[in-house]
K.L.:
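Please see the structure below; I have some questions.
Lettering follows sequence order; numbering is per chain, from 1.
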There are 2 protein chains.
Amino acid sequence: MSELPKNRKVTRADVARYSGVSTAVVSYVLNNGPKPVAPLTRERVLEAVRVLGYRPNAAARALSTGSADMIGMIVVDSRNPFFAQLCHALDRATVRRDRSLLIANSDREHVAAADQIHDLAARQIGGLIIADVLTAVEQAIIESLDIPVVLINQYTGASKTPAIGVDFRAGAKSAVEHLIEHGYRDIAFVGSALAIDRRERGWSDALSEAGLPLGPRLHAPFSYAGGYEAGLALAESERRPRAVFAASDQIAVGLLAALHRAGLRVPDDIAVVSFDGTMESAYTWPPLTTVAQPIAAMADEAIRQLVTGVLTPGLTTFPTELVVRESCGCAAGVSGVGAGLVEVDSTSHLDLSL
Amino acid sequence: MSELPKNRKVTRADVARYSGVSTAVVSYVLNNGPKPVAPLTRERVLEAVRVLGYRPNAAARALSTGSADMIGMIVVDSRNPFFAQLCHALDRATVRRDRSLLIANSDREHVAAADQIHDLAARQIGGLIIADVLTAVEQAIIESLDIPVVLINQYTGASKTPAIGVDFRAGAKSAVEHLIEHGYRDIAFVGSALAIDRRERGWSDALSEAGLPLGPRLHAPFSYAGGYEAGLALAESERRPRAVFAASDQIAVGLLAALHRAGLRVPDDIAVVSFDGTMESAYTWPPLTTVAQPIAAMADEAIRQLVTGVLTPGLTTFPTELVVRESCGCAAGVSGVGAGLVEVDSTSHLDLSL
DNA sequence: CTGAAAGCGCTTACAG
DNA sequence: CTGAAAGCGCTTACAG
């Protein structure tokens with residue numbers, strides 16, 4: 001709109017000159033403080049900003065204040081559907097609070113997580129979200145940086161570091177209890193070998209309390225391939241379980257592929273319940289019964305703590321919800337076609353020309 | 001390691017003092033220029049950096065140079081598996097070149113894409129990647145910013161803006177030709193209604209050249225739900241096609257769910273081929289035959305152009321590859337169990353206790 | 001309520 | 001090959 005030379009950026013000085021005030025006053029109105037400004041002066045400044053098309057330089061602000069209004073995030077692999085949804089939710093929550101989210105994948109080749117943490121810190125992030133299991137060294141680095149940190153989905157229970165997450169144990173237990181209600185007595189576990197992960201414990205809790213023996217236990221990586229391999233192993237096992245609790249939807253998707261490959265019917269031959277409640281869980285065949293995590297609410301809380309600076313030590317727990325579909329054995333009629341299809345785009349339209 | 005007070009950041013001045021040189025020299029060695037430095041001096045500086053644990057302040061550097069060593073990215077929805085993989089690949093490519101990727105989802109509520117573009121610019125990004133269809137206004141804003149831009153997967157053919165992408169038309173055509181080779185004569189299209197999207201054209205090309213009539217054409221949003229709805233519509237249609245070309249894996253996943261729901265067998269009742277080659281395409285049932293995009297190579301090229309500043313006007317095309325699995329009707333034995341399971345983690349291990 | 005001025009931590013032309 | 005110094009565009013304590 002403005003006819004200024006393109007190669008010359010409009011700065012605060014230009015705005016000050018145009019509106020006949022000092023640059024300090026321009027700052028006061030743009031930041032709503034720390035000093036009050038007379039209403040009329042304020043208007044003049046705002047008008048100048050509008051006319052000149054002024055945009056503050058974030059780098060200059062960051063240098064001056066020591067914070068870049070960015071939240072950093074370390075995540076193992078943002079391609080993983082659960083983490084992809086988490087990143088997306090954090091992005092939304094961050095933007096809502098006028099910050100930006102700077103994501104660093106820790107599965108980067110040839111780059112140590114420690115370097116990434118330092119890199120984020122060098123960029124003057126105002127807070128750090130960690131969705132990854134860090135080594136002691138990495139944790140030490142983070143502490144030395146004194147940047148506020150919130151763990152998400154990675155609570156060890158060992159520290160007072162603020163953490164956001166669901167009760168993995170209770171959530172898993174509810175899933176397995178649902179399988180037990182179906183009458184299955186031989187229920188396997190497929191999931192992480194990490195001690196941090198309480199889902200395995202939830203599985204064994206449910207079985208113990210029901211007086212049932214522990215079914216097969218397969219430790220597989222959190223990936224489609226991990227689930228697939230576990231599924232093949234289960235299918236070929238001479239002691240094939242009647243049902244499986246998978247620790248993530250992604251594992252369950254791989255698992256389903258393997259079971260189909262092996263010619264087994266789900267849920268008739270083997271029932272499946274998983275964890276996370278990602279979008280894709282509604283579109284597998286059969287649709288997955290899954291323990292849904294309230295991703296948006298968790299993301300909001302993590303960002304809230306970081307932005308307000310009011311950190312809650314230890315774990316802040318969010319409730320899970322068992323989304324019942326068909327992989328567990330519940331009839332399609334009960335949960336209904338499209339049950340759990342919460343993500344249906346309201347603007348969705350189909351143009352048919354059959 | 002160093003025993004400095006935590007609340008006092010080590011700056012370039014500290015390093016200069018410690019090594020007995022000026023801050024200019026510290027810059028010269030850290031940036032390898034623009035002036036030469038004597039080897040011994042260089043060593044002294046590096047030693048000081050090490051001892052003091054010095055980390056350059058990126059905001060200060062950004063203010064001084066006018067560039068924050070960050071690449072910005074606008075993407076519709078990073079949860080979409082294809083975009084999730086693209087973002088991940090771009091992250092890798094960016095880090096390899098000592099930059100960071102700052103991602104902005106354009107589906108943010110209450111935040112106009114225009115504002116996000118301005119926000120990225122304010123953060124002094126050195127380049128912008130666009131994986132989204134922008135309005136004319138948004139394009140105008142970007143041009144006025146004079147930040148180097150590369151479109152990815154969004155080439156309109158209308159402008160000389162550098163763009164990276166596959167030949168959608170040829171890729172789609174190869175997929176449909178594969179279906180034709182199977183002997184199917186009634187082949188539907190499910191995909192975007194956007195004129196930009198040449199996949200529909202590739203579909204009709206293949207049919208025309210084979211002397212076949214155009215099958216049903218369904219325009220659905222790029223989402224699981226879009227594919228699901230289209231699948232239901234196809235299944236219920238009195239003129240059900242024998243095969244379908246789906247414009248994305250995500251649509252195909254939704255489509256498969258709907259076909260299963262309708263009691264149709266894939267590929268026996270209806271065959272499916274899709275587009276993208278995302279990880280999940282290998283784990284559907286049946287596994288999807290799909291036109292794979294070379295995501296990593298495309299990401300590398302986009303970042304290379306932005307970082308080196310050597311922009312290639314117009315479209316730089318990458319080859320697609322038809323990954324044959326089973327949804328098209330090819331026998332499992334031919335493509336093999338696990339064909340296309342490229343992503344199997346080499347460190348993958350299964351701990352079984354059956 | 002407003003302004004002059006120092007300072008944030010870098011980079012780099014300029015001088016030696 | 002090295003250094004003194006100006007400048008990048010903000011913020012904010014201090015003075016009026």
K.L.:
Reckon B/Ala24 touches a base, only the sugar-phosphate, or nothing at all at heavy-atom distances under 4.0 Å?
P.N.:
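It contacts base atoms.
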
K.L.:
Could you state the atom-to-atom distance from NZ of B/Lys9 to P of C/dC8 in whole Å?
P.N.:
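Rounded to whole Å, this separation is 13 Å.
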
K.L.:
Give a yes/no on whether any side-chain N or O of A/Ser22 is located under 4.0 angstrom from OP1 or OP2 of C/dT2.
P.N.:
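False: A/Ser22 side-chain N/O out of range (4.0 Å or more) of C/dT2 OP1/OP2.
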
K.L.:
Looking at the base of C/dG3, is there any donor atom on it, or on the side chain of A/Tyr28, that sits under 3.5 Å from an acceptor on the other one?
P.N.:
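When only heavy-atom distances are counted, A/Tyr28 does reach the base of C/dG3 through a donor-acceptor pair under 3.5 Å.
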
K.L.:
Establish, with yes or no, whether the OP1 or OP2 oxygen of D/dC8 is under 4.0 angstrom from a side-chain nitrogen or oxygen of A/Asn57.
P.N.:
no

K.L.:
Is there a side-chain contact between A/Leu128 and A/Ile74 in this structure, where contact means two heavy atoms from C-beta onward sitting under 4.5 Å apart?
P.N.:
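Heavy-atom side-chain distance check passes, below 4.5 Å.
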
K.L.:
What's the closest nucleotide to the side chain of B/Val25 if the choices are D/dT12, C/dC10, D/dG3?
P.N.:
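Per side-chain heavy atoms of B/Val25, the pick is D/dG3.
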
K.L.:
In whole Å, what is the span from the CG atom of B/Asp14 to the C1' atom of C/dG9?
P.N.:
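Nearest whole value for this atom pair: 11 Å.
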
K.L.:
Can you tell me the Watson-Crick or wobble partner of C/dA4, both distances under 3.5 angstrom?
P.N.:
none

K.L.:
For A/Asn31 and D/dT12, what is the distance between atoms CG and P respectively, to the nearest whole Å?
P.N.:
7 Å

K.L.:
Rounded to whole Å, how long is the line connecting atom CD of A/Gln124 with atom C1' of C/dC8?
P.N.:
10 Å

K.L.:
Quick one: does B/Ser64 reach the base of D/dG7 with a side-chain donor-acceptor pair under 3.5 Å?
P.N.:
yes

K.L.:
What is the distance from CG of B/Leu63 to P of D/dA6, rounded to the nearest Å?
P.N.:
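Roughly 17 Å, once rounded to whole Å.
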
K.L.:
State which of D/dC1, D/dA15, C/dC1 makes the closest approach to the side chain of B/Thr41.
P.N.:
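That would be D/dC1.
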
K.L.:
Considering every strand shown, what is the Watson-Crick or G-U wobble mate of C/dA13 when both distances are under 3.5 Å?
P.N.:
none

K.L.:
NA contact type, B/Thr65, heavy-atom cut-off 4.0 Å: base, sugar-phosphate, or nothing?
P.N.:
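Since only primed, P, OP1 and OP2 atoms lie under 4.0 Å of B/Thr65, the category is sugar-phosphate.
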
K.L.:
Measure CZ/A/Arg123 against C1'/C/dC10 and give the value in whole Å, please.
P.N.:
14 Å

K.L.:
With heavy-atom distances below 4.5 Å as the criterion, would you say the side chains of B/Leu145 and B/Ile117 are in contact?
P.N.:
yes

K.L.:
Would you indicate, yes or no, if C/dT11 has its OP1 or OP2 atom less than 4.0 angstrom from a side-chain nitrogen or oxygen of B/Arg12?
P.N.:
yes

K.L.:
Distance only, no hydrogens: is a donor on one side chain within 3.5 Å (strictly under) of an acceptor on the other, for A/Glu143 and A/Gln139?
P.N.:
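Not at all, the side chains of A/Glu143 and A/Gln139 share no donor-acceptor pair under 3.5 Å.
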
K.L.:
Are any of the side-chain nitrogens in A/Arg92 or A/Asp300 under 4.0 Å away from the carboxylate oxygens of its partner?
P.N.:
no

K.L.:
Where the side chain of B/Ala60 is concerned, which of C/dG3, C/dC10, D/dC10 is the nearest nucleotide?
P.N.:
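So the nucleotide nearest the side chain must be C/dC10.
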
K.L.:
Toward the 5' end of DNA chain C, which comes first, A/Thr23 or A/Lys35, by nearest nucleotide?
P.N.:
A/Lys35

K.L.:
With the threshold set at 4.0 Å, does a side-chain nitrogen-carboxylate oxygen contact exist between B/Asp69 and A/Arg123?
P.N.:
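A/Arg123 and B/Asp69: not salt-bridged.
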
K.L.:
Please determine if a side-chain N or O atom of B/Arg61 lies less than 4.0 Å away from the OP1 or OP2 oxygen of C/dG9.
P.N.:
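Checking C/dG9 against B/Arg61, no side-chain N or O comes under 4.0 Å of OP1 or OP2.
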
K.L.:
Under 3.5 Å, is there a donor-acceptor pair linking the side chains of A/Ser100 and B/Asp119?
P.N.:
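Yes, B/Asp119 and A/Ser100 have a side-chain donor paired with an acceptor closer than 3.5 Å.
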
K.L.:
To the nearest Å, how far apart are A/Glu43 CD and C/dT2 C1'?
P.N.:
17 Å

K.L.:
In whole Å, measure the gap between the P atoms of D/dT2 and D/dA6 for me.
P.N.:
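The same atom, P, in both gives a distance of 23 Å.
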
K.L.:
What is the distance from CG of B/Leu30 to C1' of D/dT2, rounded to the nearest Å?
P.N.:
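Atom-to-atom, B/Leu30 to D/dT2, this comes out as 16 Å.
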
